[in-house]
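Below is one structure. I have some questions about it.
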Amino acid sequence: MEYLSASFLLPLVILCVSLALIFRNYRYRSISPKLPLGRKGWPIIGETLDYAMASKSGNPDKFTAERMSKYSPDVFRTSLLGENFAVFCGPSGNKFLFSSENKYVSAWWPRSVRETLHFPSDYSRKGERLDFLNEFLKPEALQDYIPIMDSMAKEHLHSDWSPYKEVKVFPLSKKYTFGLACRLFLNIEDPEHVTRLENPFNLLTEGIISLPLNLPGTAFNRAVKAGEVIHEEVLAIVRHRKMELLEDKGSAQVDLLSRMLLVTDENGGGIEEEKEIAARITGLFIASRDTTSAAITFVLNYLAEFPHVYEEILKEQMQIAKSKGSDELLNWDDIRKMKYSWNVVRETMRLTPPCQGAYREVTTDFTYAGFTIPKGWKTFSTVNSTHKNPKYFPDPEKFDPLRFEGKGPEPYTYLPFGGGPRMCSGKEYARLQILTFMHNAVIKFKFKKVNPSEKISYRLTPIPENGLPLRLDSPEN
C-alpha cells in the first residue's frame, strides 16, 4: 500500500514542479524587458573586432549602416570594449541622448581611457563643477590667444614646411597643435621640453581606445606605460607651478594650469587634487592634439583635391592679409571674416569627422523607440548615422562647403563636437586654431597630393595611411 502511494505521488510532484517552472518561465518572459535588437558577438570582446576592421578599412559608417538596416534605424544593441552598448541613430536618437544628460545618462569613458589617463573614479562627476574650464575656452577669453596662435603658426610653417618641397601633413599638424597646447595650457615654450612631453603621446593614442587587456605587446599595455610616463611628467609640472604660485601669488598667470590651481571652492580650498589636475590636463592634450590635427590634415587634403575650393579660400584669406600691416597679427575681427573658410572646415568634418561619437552611461532604466535600455548599459551617439545620410545631406559624398550657407543642416544631424549640455567645450578653441593655421598655410603654399588614392583608417581619429604627403608650391604658380 505504501509502495502504491509513493508511486502515485512521485508523478504528481513532477507534474507540479513542471507546471511551476513553466509558469515561472512564462511570467519571466512576460515581464522581462524588450531589449534593443542586435548581437553580443564573442565573449568579452563582443563586436569590437568587427568595428575595428571596419574602422581600419576606412569605413566605420559601414558597421553602423549594416546594423541600422538589419535591426532598427533608431537604436541597436552591440558589445564593444567589454561593455553592452545601445547605439542611438539619427537626429531623434541624438536629440534624446543630448537632452537626457543627468536624467537618464551621464558622462562615461571606456576603461582603457580611464586607466591610461589616470582618471580618478569620480572624474566625470567632478567635471560638472569645473565652470572655470568653460570660462577659459569661451570665445571672449580666447580672443586674447589669437595672436599667439598666429605667431606660432607662422613660426611652425617657416621652420618645418618652408625648407622642403614635400611634407607629411599629419605628423606636422600634430607637432603644431601639441606645441600650441603646451604654450597655452602649461606655459611651456622650450622645444626640448615640448618634445619630451610629446613622444609618449604617440604610444598613448594608439591604445587609448582598445580592449583593456594589459598583456605584454598589446596596444593597451603600451598605452598604459606611456600614460604613466605622461602622468608623472605632468604631475611634476603641476607641483612645480603650485610652488611658484605659492611663492608669488600676485603673479599674473594666463595659462590654463595656473587658473586651475588658483580656483577655490566655497571653503577656500583647491577645487581639485594635484593628480586630478594632471589627469584633466592630459585629457585636454589628447583632445586638442589629435582631433584638431586631424581636422587640419583633412582640410589641406581637400584643398589639394579641389583647386576651386582652394582658390576661394585664398581669395578670402588674401583680403584679410592685405588689410593688415606687415607685422600685424590676426585678431578676432579677422577670424569673423573667414566665413567661407569655416564652411570648408565644417564640410571637412562632415565627410571626415575627427571624432566618431560620444559615450554615456545609463543611470536608470528608460524606454526609447519601444525598447528598454537597462541601467548600467553604455550608449553611443554616432555621427555615422547622419553625416553621410542623403536624407539630411543631399549628394552626401560630394565636397560642397556651400551646404552650410544660410540655415545649414537640420538640428542634430551635424555633430562633430557632440551636443547638449556636454557639447565639446573646446569647440571654439579648435575653430580658432584651425582657421589661424589655414590662413597662414594657404597664403604661403599651394598643395598637390603625392598619392591621390591614399587610404584612411580610423582609430581615435581618422589617419591617412602615409601621413598625407603633399607637394608645396607658391600660390602664384
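By convention here, the first residue in the shown sequence is residue 1.
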Please walk me through it: do E198 and K175 pass salt bridge (Lys or Arg N to Asp or Glu O under 4.0 Å)?
CA-CA 8 Å; E198 184 181 19; K175 181 179 179 181; over 6 Å; no
From CA spacing to verdict: ring-ring contact (aromatic ring centres under 6.0 Å, His included), F371, Y71
CA-CA 12 Å; F371 298 104; Y71 300 120; over 10 Å; no
Would you call the rings of Y368 and F96 parallel, tilted or perpendicular, taking 30° and 60° as the class edges?
tilted
For K388, does the NZ atom have more than 12 heavy-atom neighbours from other residues, nucleotides or ligands under 6.0 Å away?
yes
Do E274 and R239 meet the salt-bridge criterion of a basic N to acidic O distance under 4.0 Å?
yes
Using the side-chain contact (heavy atoms from CB on, under 4.5 Å) rule, take L35 and N84 through it: C-alpha gap first, then chi angles, then the decisive distance, then the call.
CA-CA 11 Å; L35 301 176; N84 285 316; over 6 Å; no
Residues which pass salt bridge (Lys or Arg N to Asp or Glu O under 4.0 Å) with E312, listed by chain and number, not counting sequence neighbours:
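Counting only residues at least two positions away or on another chain, E312 forms a salt bridge (Lys or Arg N to Asp or Glu O under 4.0 Å) with K315.
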Over 60° means perpendicular and under 30° means parallel, so tell me whether F201 and F285 are parallel, tilted or perpendicular.
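Ring orientation of F201 relative to F285: tilted.
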Can you tell me how far apart CD (E347) and NE2 (H387) are? Round to the nearest 0.5 Å.
10.5 Å
Parallel, tilted or perpendicular: rings of F306 and F399 (30°, 60°)
parallel
With a 6.0 Å cut-off (strictly less than), is the heavy-atom count around NZ of K449, excluding the residue itself, greater than 12?
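Result for NZ/K449: enclosed.
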Please confirm whether the backbone N or O of E273 pairs with a side-chain atom of E276, one donor and one acceptor, at under 3.5 Å?
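Side chain of E276 to backbone of E273: a pair is present.
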Please check if atom CD1 in I44 has more than 12 non-hydrogen atoms from other residues, nucleotides or ligands closer than 6.0 Å.
no
Compare all side-chain heavy atoms of T352 with those of Y302 and state whether any distance is below 4.5 angstrom.
yes
Can you find a pair of side-chain heavy atoms, one from P212 and one from E115, that are under 4.5 Å apart?
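With C-beta onward as the side chain, the pair stays apart.
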Between R403 (side chain only) and P409 (backbone N and O only), is there a donor and an acceptor less than 3.5 Å apart?
no
Hey, is the main chain of P396 close enough, under 3.5 Å, to the side chain of R350 for a donor-acceptor pair?
yes
With rounding to the nearest 0.5 angstrom, report the NZ to CG distance, K242 to L257.
11.0 Å
Taking the side chain from T291 and the backbone from S288, do they hold a donor-acceptor pair closer than 3.5 Å?
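No: the side chain of T291 does not pair with the backbone of S288.
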Mind checking whether L468 and K168 have side chains closer than 4.5 Å, heavy atoms only?
no
Going from CH2 on W342 to CG on L432, what distance comes out if it is rounded to the nearest 0.5 angstrom?
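That separation rounds to 8.5 Å.
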Might you point out which heavy atoms bring P354 and T461 nearest each other, and give the distance in Å?
O-CG2, 3.3 Å
Output yes when K138 and E428 qualify as a salt bridge under the 4.0 Å nitrogen-oxygen rule, no when they do not.
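Salt bridge: no.
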Is a side-chain donor or acceptor of E454 paired with a backbone partner of G467 at a separation under 3.5 angstrom?
yes
Parallel, tilted or perpendicular: ring planes of Y414 versus F393, cut at 30 and 60 degrees
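Because their plane-to-plane angle is over 60°, the rings of Y414 and F393 count as perpendicular.
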Residue pair T78 / F63, side-chain heavy-atom distance below 4.5 Å
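Yes. Closest side-chain heavy atoms under 4.5 Å.
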Testing the basics here: between A358 and R360, what is the closest heavy-atom pair and its distance to 0.1 Å?
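Nearest heavy atoms, A358 then R360: CB-NH1, 3.9 Å.
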Cut-off 3.5 Å, side chains only: do S173 and T297 have a donor facing an acceptor?
yes
Does the plane of the ring in F85 sit parallel, tilted or perpendicular to the ring in W108? Use 30° and 60° as the thresholds.
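It falls in the perpendicular class, over 60°.
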Using the side-chain contact (heavy atoms from CB on, under 4.5 Å) rule, take D400 and D395 through it: C-alpha gap first, then chi angles, then the decisive distance, then the call.
CA-CA 9 Å; D400 181 15; D395 198 1; over 6 Å; no
Indicate the atoms forming the closest heavy-atom contact of I434 with I296, along with that distance.
CG1-CG1, 4.0 Å
Is there a side-chain contact between M338 and M438 (heavy atoms, below 4.5 Å)?
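Heavy-atom side-chain distance check fails, nothing below 4.5 Å.
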Minimum heavy-atom distance between F220 and S112, given as atom pair plus value
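Taking every non-hydrogen atom into account, CE1-CA, 3.5 Å.
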For the pair N94 and S92, evaluate side-chain hydrogen bond (donor to acceptor under 3.5 Å, both in side chains) and give the outcome as yes or no after the intermediate values.
CA-CA 5 Å; N94 294 330; S92 298; over 6 Å; no
Would you give the length of the straight line joining atom CG of L137 to atom NZ of K427, rounded to the nearest 0.5 angstrom?
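NZ of K427 is found 13.5 Å from CG of L137.
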If only atom types and distance count, is the side chain of T48 paired as donor or acceptor with the main-chain N or O of L81 below 3.5 Å?
yes
Scanning both residues in full, the closest heavy-atom pair of S57 with A54 reads OG-O, 2.8 Å
N/O donor-acceptor pair under 3.5 Å between T282 side chain and A278 backbone:
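Such a contact is found between T282 side chain and A278 backbone.
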When you compare the side chain of K225 with that of L203, does any pair of heavy atoms fall below 4.5 Å?
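A side-chain contact is absent here, since even the closest heavy-atom pair is not under 4.5 Å.
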Kindly compute the distance separating OH (Y392) from OG1 (T386), expressed to the nearest 0.5 Å.
7.5 Å
Can you establish whether the number of heavy atoms outside W332 located under 6.0 Å from its atom CH2 is more than 12?
yes
Could you check whether any side-chain heavy atom of F185 comes within less than 4.5 Å of a side-chain heavy atom of M260, counting everything from C-beta outward?
no
Test R77 against W377 for side-chain contact (heavy atoms from CB on, under 4.5 Å), laying out the working first.
CA-CA 10 Å; R77 176 185 186 175; W377 273 34; 3.4 Å; yes
Do the non-hydrogen side-chain atoms of T205 and R289 ever get within less than 4.5 Å of each other?
yes
How far does CZ of R431 sit from CZ of F417, to the nearest 0.5 angstrom?
9.5 Å
Report the C-alpha distance between S210 and T218 in whole Å, list the side-chain angles of each, state the deciding distance to 0.1 Å, and finish with yes or no for side-chain contact (heavy atoms from CB on, under 4.5 Å).
CA-CA 9 Å; S210 62; T218 62; over 6 Å; no
Closest non-hydrogen atom pair between I45 and L49, with its separation
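Shortest heavy-atom separation between I45 and L49 comes out as CD1-CD1, 3.7 Å.
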Y104, OH atom: more than 12 neighbouring heavy atoms under 6.0 Å:
no
